[in-house]
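Here is the structure we will look at, set down as C-alpha cells.
All figures in this text were calculated on a predicted structure; none of them were measured in a lab. FYI, side chains are in, hydrogens and waters are out, and symmetry mates aren't considered; it's all heavy atoms of this structure. To find a chain, count down the sequence lines: A is the first, B the second, and so on, and within it residues start at 1.
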There are 2 protein chains.
Amino acid sequence: MEYTVVVRMNEKLFLRDPEGSELGRRIVRQGIQLMAEIGFEEMTFRKLADRIGTKESSIYRYFENKHRLLVYLVAWYWQWLEYQVLFQTNNLTDSREKLERILKLLLLKDLSQLHVSTAVDDMDIPALHSIVIQEASKAYLTHHVTEDNREQLFKPYKDLCSRIAGIILEYRPGYPYARSRASSLIETAHYQAFFMQHLPALTDFGVESPGRIESKDPLLTFLRHLLFSSLDTARF
Amino acid sequence: MEYTVVVRMNEKLFLRDPEGSELGRRIVRQGIQLMAEIGFEEMTFRKLADRIGTKESSIYRYFENKHRLLVYLVAWYWQWLEYQVLFQTNNLTDSREKLERILKLLLLKDLSQLHVSTAVDDMDIPALHSIVIQEASKAYLTHHVTEDNREQLFKPYKDLCSRIAGIILEYRPGYPYARSRASSLIETAHYQAFFMQHLPALTDFGVESPGRIESKDPLLTFLRHLLFSSLDTARF
DNA sequence: GCAAGAATGATAGTTTTACTATCAGTTAAG
DNA sequence: CTTAACTGATAGTAAAACTATCATTCTTGC
C-alpha cells in the first residue's frame, strides 16, 4: 500500500528528483533542518554539503540554486497541507466544521490527528512549518516571479488556495472573493504567527507559553473571527 | 516654513544621515529607482554607485549594507504614510470616514490629495510603494529580526500600526484585536496587490487596466469588506 | 582668505558566495 | 560483468560584500 501520493512533485522544481536517491533525500531533510536553524539568507550549499558530508557540486546536481531548494520545500509543504485538508474534510458534512479544521491545520494544531504521510516520508513538518512562516514569501517575492510562475512552480500554493476557496463557497455560496479570502487567510495565519513570536507589538497576543492561562490560542480565535465575520456578513 | 517633520529618521537606520548631503540624497533617491527596477536581490552597491557616478565605498559610508538601505527606505515610507494618515484624518469627525481614508492611502489612491511632503522631499512615492509591496517583508523576515527590533528599526511600522489601531478602537471601542487587525490590514493590502499583479490566480481581481469597466478597484472593495465585516460584527 | 576638518574619489585588496568543469572511483542495473 | 549513472574530490571563475588607505576637494570657522 502506497501513501506517497502527496510527494509527486512537479519536475520543474528540481534538476534531479531528490526523492529518488539517498543523497537527494538527505539534501531535502537536512536542508529543512539547516534552513530552519540559520535562515534562508545565511544558508549556503557549502554549509549544507558540509553538514551532510557531501560536496557543493553534488547538491547542484539536484537543485539549480538555493532559491529553487526553497521553492521546492514550500511547494512540498503546500502539497502536504492540501492533502491534509482533503483528508480531514472529506468525511465532514458541515462546511463550517471544514473551515474550522482548515484553521487548525494552518496553525499546525492537533498534530496528533494528522495523516500518516508525515511519518512515512519522515519530513520534519514543524520545521517545515517554521520555514514556511519565515521564508515562504521569498519564494515568490522576486523579480522573476513571472517566469517561475510560468514554470508552474507555485501550482501547489494555487491548488491549496483553490481547495480552500471551494470550501468557502460551499459555506457561503456566491461569495465573490473566495480566492482572495483563501490566500489572505493563509498569509494572515503565517505572518501573524511570525509577528506574535518576533514583533509582538504588531499583534494583540503575547508569545504562547504553556504557563499562560488566559485565552488559549488567541491567534486561532482571531483568525476564526476574521474569517467568519467576512463570510457571515450581509449577502453580495 | 519647514515641512520636513516627516523625515526625522532614527539614527540607527544609517551610518551617516543621507539627508545631510547631496550624495546621501542621491543614494536614497537613485536607490529607490534601482531597487524598484531590478529588485532587492539583484541590486548591489556597485550597480548603485555606477548609476550615481560614485564609488561603492562611498555608499558604505552611509549604509552598513544593502539590507539596512532597504530597512531605511521602508521605514521612511511608513513614517510618510503615518504622517499622511494623521494629516488626512485629523479634520474628520466620522471614524468610519477615517478608516476609508486609510484604505485609500494603503493603496495609494487619490495621490492628488496627498500632502506636500511628497513634493518637498521629491521622493518617488509610487516607486517606494512598489518597493514596499515587493520587498518590505524582507526587512523583518530575517534571522536577525530580534536584534534589529531591539535597535528600533521597525518603530515606524509599529507606530503606523498603533495609529491605525487607535482609529479602529475609535470606530469600535473595545475591539480586542485592534493591533492585529491593523497589521493584517496593511499586509493584506500589499500582498493582495502583489498577487493581483503577478499571481492573479490567487485573487478574484484581474490586473487593473484603465480600460476595464466592471467594478473599479475591486481590491479596495475587498479590503473594505474585510475590515468592516470584522469591526461591525457582534460585540466582544 | 586661509587653515583645519570633513566628505569624497580612486585604487586596491580580502573573504565569501555562487556556480561550473573535469575526471576518477563507486555503485547499480541489465 | 559490463555499461551507464551517480558521487566524490579537486580545482577553478566571477561576482558580491565588504575593508583599508590615502590623496583630493570641499566646507566652514576664524
Side-chain angles (χ1 to χ4, degrees), chain A residues 9 11-31 34-35 37-73 135 138-139 142-144 147-148 151 153, chain B residues 9 11-31 34-35 37-73 135 138-139 142-144 147-148:
Chain A
M9 304 287 290
E11 308 262 321
K12 300 291 186 92
L13 285 163
F14 46 76
L15 293 173
R16 177 176 307 173
D17 185 2
E19 291 304 318
S21 77
E22 183 51 31
L23 180 62
R25 280 187 294 273
R26 279 165 67 210
I27 290 170
V28 170
R29 295 334 174 253
Q30 292 299 309
L34 187 58
M35 202 180 292
E37 277 171 30
I38 67 178
F40 177 71
E41 14 279 316
E42 291 303 313
M43 193 192 133
T44 68
F45 276 1
R46 175 174 296 275
K47 288 179 190 168
L48 180 54
D50 286 350
R51 188 185 181 112
I52 296 176
T54 183
K55 297 286 168 184
E56 249 185 309
S57 52
S58 298
I59 300 180
Y60 277 106
R61 287 177 182 127
Y62 286 87
F63 295 101
E64 232 175 294
N65 53 48
K66 188 170 65 153
H67 186 257
R68 286 296 174 114
L69 174 58
L70 173 64
V71 172
Y72 179 91
L73 295 181
E135 324 287 3
K138 295 168 194 168
T142 66
H143 207 243
H144 48 88
E147 296 88 72
D148 289 352
E151 292 191 60
L153 303 191
Chain B
M9 304 286 289
E11 308 260 320
K12 299 292 186 91
L13 286 163
F14 46 75
L15 293 173
R16 178 177 304 174
D17 184 3
E19 290 304 319
S21 76
E22 183 52 33
L23 180 62
R25 279 186 294 273
R26 278 164 68 207
I27 290 170
V28 170
R29 306 307 182 273
Q30 292 298 310
L34 186 59
M35 201 181 290
E37 277 171 32
I38 67 178
F40 176 71
E41 14 279 315
E42 291 304 313
M43 193 192 133
T44 69
F45 276 2
R46 175 174 296 278
K47 288 179 191 167
L48 180 54
D50 287 350
R51 188 189 182 108
I52 297 176
T54 183
K55 297 287 167 182
E56 248 184 311
S57 51
S58 298
I59 300 180
Y60 277 106
R61 287 177 181 126
Y62 286 87
F63 294 101
E64 233 175 293
N65 53 49
K66 190 170 64 154
H67 186 257
R68 286 296 174 115
L69 173 60
L70 173 64
V71 173
Y72 179 91
L73 295 180
E135 324 287 2
K138 296 168 193 167
T142 67
H143 207 242
H144 47 87
E147 297 88 72
D148 290 352

**Message:** Using C1' atoms of five pairs at each end, report the bend of the helix from C:dG1-D:dC30 to C:dG30-D:dC1 rounded to 10 degrees.
**Reply:** 30°
Distances under 3.5 Å only, N/O to N/O: pair up the protein atoms with those of nucleotides 18-21 of chain C.
{"from": "C:dC19", "atom 1": "N4", "to": "A:E56", "atom 2": "OE1", "distance (Å)": "3.2"}

Quick one: is [N] close enough that its OP1 or OP2 comes under 4.0 Å of any side-chain N or O from [X]?
X	N	value
A:T54	D:dT7	no
B:Y62	C:dA7	no
B:R16	C:dT8	yes
A:S58	D:dT7	no

**Heavy atoms from other residues, nucleotides or ligands near CD of A:E11 exceed 12 (cutoff 6.0 Å)** = no
**Message:** Within a 6.0 Å radius of atom CD on B:E37, are there more than 12 heavy atoms belonging to other residues, nucleotides or ligands?
**Reply:** yes
**Message:** Going by salt bridge (Lys or Arg N to Asp or Glu O under 4.0 Å), name the residues that satisfy it together with A:E56, two or more places apart in sequence or in a different chain.
**Reply:** A:R46
Flag side-chain contact, heavy atom, 4.5 Å: [X] against [Y]:
X	Y	result
A:E41	B:K138	no
B:L23	B:Y62	yes
A:R61	A:K55	no
A:D148	A:R68	yes

**Nucleotide nearest A:L23 (side chain, heavy atoms from C-beta), chosen from C:dT8, D:dA16, D:dG8** = D:dG8
**Fill in**
Of D:dG8, C:dT17, D:dA16, the nucleotide closest to the side chain of B:K47 is D:dA16
**Fill in**
Rounded to whole Å, CD of B:E42 lies from P of D:dA15 at a distance of 13 Å
**Item:** Nearest-angstrom distance from the residue atom CG of A:D50 to C1' of C:dT16
**Value:** 13 Å
